[in-house]
Amino acid sequence: MTILQLRPRAAAVRQAGLVDVPAVVRLVTPPAAPALRPAECLAADWDQAQRAMRLLLAHHALEEGQVWVAERADGELLAAAVWMPPDTGAEPPHARLGTLFARELTVRPPRNPVLPAALKQAGPAEPHWTVVTVCAQGDPEAWDPTLVTDLLAPGLTEVDAQTATAVALTLSARHTDQLRPLGFRHPHHVPLTPGLGVWLTTRYPEQRLAA
């Protein structure tokens, strides 16, 4: 297992596995403040929506992309970065996962989900990597610039090896500031449903040289 030591903090960046999926889901949707609760949730029950996220991470992100986490010495996760490569499948991921959702959740996702449609419209036209970055709410160490740099370094190495474009999604505008030194530019808000949206920034191959 690849482990990157963070200096000088008592934390480490490592590649995530199946055992980390519940903790990563809690970063995205903490019980006290569910950050991603679109009107198109797979069910009104928020617990079922969290189960859907666990399925997405376990059967999509870990298998087709990369998931990296920043972990304290006590095992608590500070932040996570979920990297997905350009989609080259014959059908979009949400369609490929329809059978899995139907079997495990006894419900099918919507035919035209809001999130993929909105991001496709707002993002660059060319094939690109996508990274979703999340951090522990209310923990200033979670988005320390050094930690963010180390957390995203493995994915950016892969992106740069392919001379590819990368798009970062965050839940907060302030989190885009930590991405700017890494070459991500032009942050803008992507509304999903009334009162809910994400922030998107893009890093083109030439921008990495200027970072």
Side-chain angles (χ1 to χ4, degrees), residues 1 11-85 87 92-110 113-116 118-119 129-139 141-143 147-148 151-152 154-155 167-172 175 178-179 190 192-193 195-200:
M1 178 181 293
V13 168
R14 61 174 176 80
Q15 197 159 14
L18 281 172
V19 69
D20 300 299
V21 166
V24 174
V25 170
R26 286 194 295 271
L27 283 178
V28 179
T29 58
L36 285 177
R37 192 171 185 174
E40 62 157 5
C41 270
L42 299 181
D45 183 8
W46 186 231
D47 178 66
Q48 190 173 57
Q50 289 182 312
R51 288 170 56 202
M53 293 180 196
R54 289 195 290 269
L55 289 173
L56 283 169
L57 284 170
H59 295 277
H60 184 43
L62 287 176
E63 292 181 359
E64 300 183 28
Q66 302 178 21
V67 182
W68 292 83
V69 294
E71 182 182 48
R72 295 185 192 274
D74 62 5
E76 186 75 15
L77 293 191
L78 285 171
V82 181
W83 288 91
M84 295 305 304
D87 184 40
H94 68 272
R96 296 199 300 272
L97 290 164
T99 301
L100 177 67
F101 285 147
R103 182 178 71 247
E104 300 292 336
L105 302 178
T106 65
V107 64
R108 283 194 173 275
V114 171
L115 182 58
L119 295 179
W129 282 75
T130 301
V131 57
V132 180
T133 58
V134 292
C135 68
Q137 292 189 5
D139 191 330
E141 185 180 0
W143 277 95
L147 185 149
V148 174
L151 178 65
L152 296 187
V167 172
L169 277 67
T170 65
L171 303 181
S172 169
H175 292 163
Q178 283 83 1
L179 301 177
V190 180
L192 303 178
T193 61
L196 177 69
V198 296
W199 285 83
L200 182 150

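For the numbers below, each heavy atom of this structure counts, side chains included, while hydrogens, waters and symmetry mates do not. Source: prediction; values computed, not measured.
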Min side-chain heavy-atom separation Val198-Leu171 under 4.5 Å = yes

Which pair of heavy atoms, one from Leu77 and one from Ala23, lies closest together, and at what distance?
-> CD1-CB, 3.5 Å

Partners meeting side chain to side chain contact (heavy atoms under 4.5 Å, CB included) with Ala16 (sequence neighbours left out) = Asp20, Val67, Val69

Shortest non-hydrogen contact from Thr170 to Ser172?
-> OG1-O, 3.0 Å

Counterpart residues, ring-ring contact (aromatic ring centres under 6.0 Å, His included), relative to Trp199 (two or more places apart) | His189

Among Leu147, Leu151, Val13, which one satisfies side-chain contact (heavy atoms from CB on, under 4.5 Å) with Leu78?
-> Leu147

Shortest non-hydrogen separation from Trp129 to Gln66 and the atoms involved | CH2-NE2, 4.4 Å

Here the pair of heavy atoms bringing Pro85 nearest to Gly65 is CD-CA, 3.8 Å

Identify the residue among Thr133, Val132, Leu152 that makes a side-chain contact (heavy atoms from CB on, under 4.5 Å) with Trp83.
-> Leu152

Which atom pair, heavy atoms only, marks the closest approach of Leu27 to Cys135?
-> CD2-C, 3.9 Å

Minimal non-hydrogen separation, Val25 against Arg54, with atom names | CG2-CG, 3.5 Å

